[in-house]
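Residue indices begin at 1 and follow the sequence shown.
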Amino acid sequence: MAQPLRHYGVAIFLLALSFKATSTSTATHDGHGRKSLHFTLYQQETINKTLYLIVKGVTGPDASPTTSPFGSLFVNQDLLTISPNSSSKVVGVAEGVSITSSLDGLINIVTEKITLELKHYKGSISMLGTAHNIEVFDLPVVGGTGDFMFVQGYIKPSLLTFDSPDIVYRLEFHLYWPPYVADHFSY
């Protein structure tokens, strides 16, 4: 009689371990002692509503809907949602500046502050880098505030839909905390 009870005890213990393992968040630790967080959000942008052309630059030889005149200055304040649908839950705001820096109108210097209110993380992420109007690229994360203090990593934006005046970008976040900071977070 004691033998079957022991098997039930082992089964209950293994079941409890499996529940604990499946309830973890997307935050993990990599092999170098860094805590990492990976997630995707959608940037909802509307021309002349959340994205404005402040200074129109000098138009180059080949203008098209995907290019901007050299030297153009744009500012944005866009909502970040959990799905491509603009009516989905808003979890943040992206505020930034973009300057067209190539003569062909495809390359921009971008600085952006992303303020997030996620389930376990609240704060802002700052990024600074070079963006391409058509190609997928990486924008480096240069810092953060709140739960994102000392964060490193990159954000990979890609154009999802362009139905003028509405534009939707998919933003893939790849964030890492150094080992000396990762131990201070309880998530």
Which of parallel (below 30°), tilted (30 to 60°) and perpendicular (above 60°) describes Phe148 and Trp177? parallel
Residues forming a salt bridge (charged side-chain N to carboxylate O under 4.0 Å, His left out) with Asp138, sequence neighbours excluded: Lys156
All side-chain hydrogen bond (donor to acceptor under 3.5 Å, both in side chains) counterparts of Ser86, not counting sequence neighbours: none
Can you list the residues that meet the ring-ring contact (aromatic ring centres under 6.0 Å, His included) rule with Tyr169, with sequence neighbours excluded? none
Which residues satisfy the ring-ring contact (aromatic ring centres under 6.0 Å, His included) test with Tyr154, sequence neighbours excluded? His174
For residues 89-98, run the donor-acceptor check on the side chains, cut-off 3.5 Å, and write out each pair with its distance to 0.1 Å, sequence neighbours left out.
from, atom 1, to, atom 2, distance (Å)
Glu95, OE2, Gln77, NE2, 3.2

Stepwise, does the side-chain hydrogen bond (donor to acceptor under 3.5 Å, both in side chains) test hold for Asn76 with Glu112? CA-CA 9 Å; Asn76 69 287; Glu112 192 102 7; 3.1 Å; yes
To the nearest 0.5 Å, tell me how far [X] [atom1] sits from [Y] [atom2].
X	Y	atom1	atom2	result
Ser158	Gln43	OG	CD	11.0 Å
Leu118	Ile82	CG	CD1	10.5 Å
Ile167	Leu160	CD1	CG	12.0 Å
Leu116	Phe173	CG	CZ	5.5 Å
Asp147	Ile125	CG	CD1	10.5 Å

Are [Y] and [X] connected into the same hydrophobic cluster when the rule is that any two of I, L, V, M, F, W, Y join if their side-chain heavy atoms are below 4.5 Å apart?
X	Y	result
Met149	Tyr121	yes
Leu80	Leu159	yes
Leu51	Phe162	yes
Ile114	Phe137	yes
Ile155	Phe74	yes

Apply side chain to side chain contact (heavy atoms under 4.5 Å, CB included) to Leu106 and Ile134, showing your working. CA-CA 7 Å; Leu106 291 171; Ile134 300 170; 3.8 Å; yes
Any donor-acceptor N/O pair, [X] side chain to [Y] backbone, under 3.5 Å:
X	Y	value
Asn133	Gly105	yes
Thr161	Asp163	no
Asn85	Ser87	yes
Thr50	Asp78	no

Could you pull out the closest heavy-atom pair between Thr145 and Ser124, with the gap in Å? OG1-OG, 2.7 Å
Determine which pairs satisfy salt bridge (Lys or Arg N to Asp or Glu O under 4.0 Å) with at least one residue from residues 38-58, sequence neighbours left out, and list them in order. none
Working note: Val55 + Ser72, criterion side chain to side chain contact (heavy atoms under 4.5 Å, CB included); need CA distance, chi angles, decisive distance, verdict. CA-CA 5 Å; Val55 176; Ser72 294; over 6 Å; no
